[in-house]
J.: 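Sharing a structure below in structure tokens format, with a few things to ask.
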Amino acid sequence: MALLVQKYGGTSVGTIERIEAVAEKVCSFRKEGHDVVVVVSAMSGETNRLIALANEIMEEPVPRELDVLVSTGEQVTISLLSMALQKRGCEARSYTGSQVRILTDNRHTKARIRQIDEQSMRKDLDAGRVVVVAGFQGVDEHGNITTLGRGGSDTTAVALAAALKADECQIYTDVDGVYTTDPRVVDSARRLERVTFEEMMEMASLGSKVLQIRAVEFAGKYNVPLRVLSSFKEGEGTLITFEEEIAMEQPVVSGIAFNRDEAKVTISGVPDTPGSALSILKPVSDANIDVDMIVQNVGEDNRTAFTFTVHRNDFNRAKGVLQRVADEIGAHGVSGDTKIAKVSIVGVGMRSHAGVATKMFEALSAEGINIQMISTSEIKISVVIDEKYLELAVRALHSAFELDKPGVEETL
Ligand code: ASP
Ligand code: MG
């Protein structure tokens with residue numbers, strides 16, 4: 001018999017009917033003899049609704065009070081789910097983050113978990129009860145309510161699973177697993193049975209929004225087997241695990257991720273002297289703007305150009321900062337483009353295979369797609385292209401790396 005931590009997201013508890021369905025599911029695991037800790041999110045849309053209320057009072061709500069407000073969403077779902085469980089004769093108790101002592105730092109709205117006291121949960125489990133815990137929230141050392149950032153219930157679930165040394169942390173959501181790419185873009189996208197923590201981290205950071213990235217990081221660090229599966233459809237979902245546990249026949253590329261959230265800025269005619277990168281990028285980082293890809297071109301006349309990408313929301317600010325820098329250091333000009341997209345191929349198999357980049361460039365060139373920037377890591381190659389070719393690029397790469405579903409002949 002296993003100890004399972006199961007997390008049900010906002011859509012899975014979005015209505016009373018769905019909460020009852022979750023209760024049925026949890027009861028059936030109890031009947032099979034498993035110990036279950038359930039983590040829930042707020043009903044879908046609720047966290048946004050609460051934030052909007054706060055915004056009616058002030059544009060930038062006081063973080064401490066915002067945490068008190070948004071944490072109520074999860075308090076509603078834990079109690080309703082516990083009632084639904086008890087109605088079915090399944091003993092259960094609900095707890096807020098502070099009641100199970102999910103101790104965090106005091107950074108309101110983006111707190112990090114420091115420690116969890118799993119003793120009280122153990123007592124309930126030993127007494128045969130399901131423990132229902134509010135996701136997304138914790139408490140600081142002074143008893144203030146904190147929250148873990150949007151999508152933080154995933155992190156709560158993984159942290160509880162780590163603290164309890166659970167056999168598996170199961171994230172129930174509205175998709176039935178992690179796919180080779182977004183099935184809305186490529187019909188033939190396949191569900192992956194297994195994926196490594198590293199690959200999942202890359203895919204999550206590149207915009208495959210199945211799991212909160214911190215949850216994946218946490219699971220990898222504490223060795224928590226993590227499974228993503230659907231609350232609406234039967235199936236095995238996708239297991240996120242270690243590389244050694246993945247079959248030898250690992251494909252070179254496991255998935256194609258993409259991201260439309262970035263914009264690119266260029267500062268040209270920069271005097272090519274030691275410290276020029278610093279003089280450009282330091283003011284950007286001082287302005288709290290995250291930089292993703294960076295390219296420096298070799299220029300003529302001892303001048304060079306820097307291009308880098310930032311989140312689209314930071315585009316105007318980044319351009320403003322660069323304009324000031326350009327004036328100071330005597331660069332020629334600043335330009336930018338928001339209509340770009342980043343497409344990445346991800347796979348641990350790349351480590352042991354040559355020619356992966358060539359194959360990627362071939363596939364894009366065959367479609368007449370121009371590559372504007374390139375960056376690579378050990379298990380990922382990313383390119384920036386014109387946004388209007390994004391879907392074409394993803395489809396071309398998906399088939400070039402043979403990620404499409406097996407055709408009819410192959411399955412016969
Ligand atoms: N309810 C929170 C949010 O909407 C936490 C979560 O759903 O994981 O971000
Ligand atoms: Mg969520």
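Just so you know, ligand 1 is whichever comes first in the structure, and atom 1 is the first atom listed for that ligand. Numbers for residues simply follow the sequence, beginning at 1.
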J.: Check each atom of ligand 1 against the heavy atoms of R150 and keep those under 4.0 Å away; list them by number with element.
T.: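 Ligand 1 atoms under the 4.0 Å threshold to R150: 3 (C), 4 (O), 9 (O).
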J.: So does R190 pair up with D404, basic N to acidic O under 4.0 Å?
T.: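 No, no charged N to carboxylate O under 4.0 Å.
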J.: First locate atom NE2 of H311, then atom CD of E262, and finally report the distance between them rounded to the nearest 0.5 Å.
T.: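 One gets 8.0 Å once the value is rounded to the nearest 0.5 Å.
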J.: Hey, which atoms in ligand 1 end up nearer than 4.0 Å to a heavy atom of F136?
T.: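 Ligand 1 atoms under the 4.0 Å threshold to F136: 2 (C), 5 (C).
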J.: Under 4.0 angstrom from ligand 1, any heavy atom of G135?
T.: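 G135: no contact with ligand 1 (<4.0 Å).
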J.: Could you tell me if the side chain of Q119 sits less than 4.5 Å from the side chain of R101, heavy atoms only?
T.: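 Not touching, per the 4.5 Å side-chain cut-off.
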J.: Under a 4.0 angstrom heavy-atom cut-off, which atoms of ligand 1 come close to S41?
T.: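 Listed by number with element: 6 (C), 7 (O), 8 (O).
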J.: Would D105 and R114 pass as an ion pair if we require N to O under 4.0 Å?
T.: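 Salt bridge flag = no for R114 with D105.
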J.: Quick check on G151 - does any of its heavy atoms sit under 4.0 Å from an atom of ligand 1?
T.: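 Per 4.0 Å heavy-atom rule, G151 contacts ligand 1.
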J.: Flag the pair R49 and E46 as a salt bridge only when some basic side-chain nitrogen lies within less than 4.0 angstrom of an acidic carboxylate oxygen.
T.: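 Judged by the 4.0 Å cut-off on N to carboxylate O distance, R49 and E46 do form a salt bridge.
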J.: Does E74 reach ligand 1 with a nitrogen or oxygen that is under 3.5 Å from one of the ligand's nitrogen or oxygen atoms?
T.: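 The answer is yes, given that E74 and ligand 1 share an N or O pair closer than 3.5 Å.
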J.: Any idea which part of Q212 is under 4.0 Å from ligand 1, heavy-atom wise: side chain, backbone, both or neither?
T.: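 Looking at Q212 and ligand 1, no heavy atom falls under 4.0 Å.
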J.: Restricting to pairs with a member in residues 50-61, which pass side-chain hydrogen bond (donor to acceptor under 3.5 Å, both in side chains), not counting sequence neighbours?
T.: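 Residue pairs with at least one partner in residues 50-61: there are none.
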J.: Quick one: does D154 get an N or O within less than 3.5 Å of an N or O on ligand 1?
T.: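 There is no such contact.
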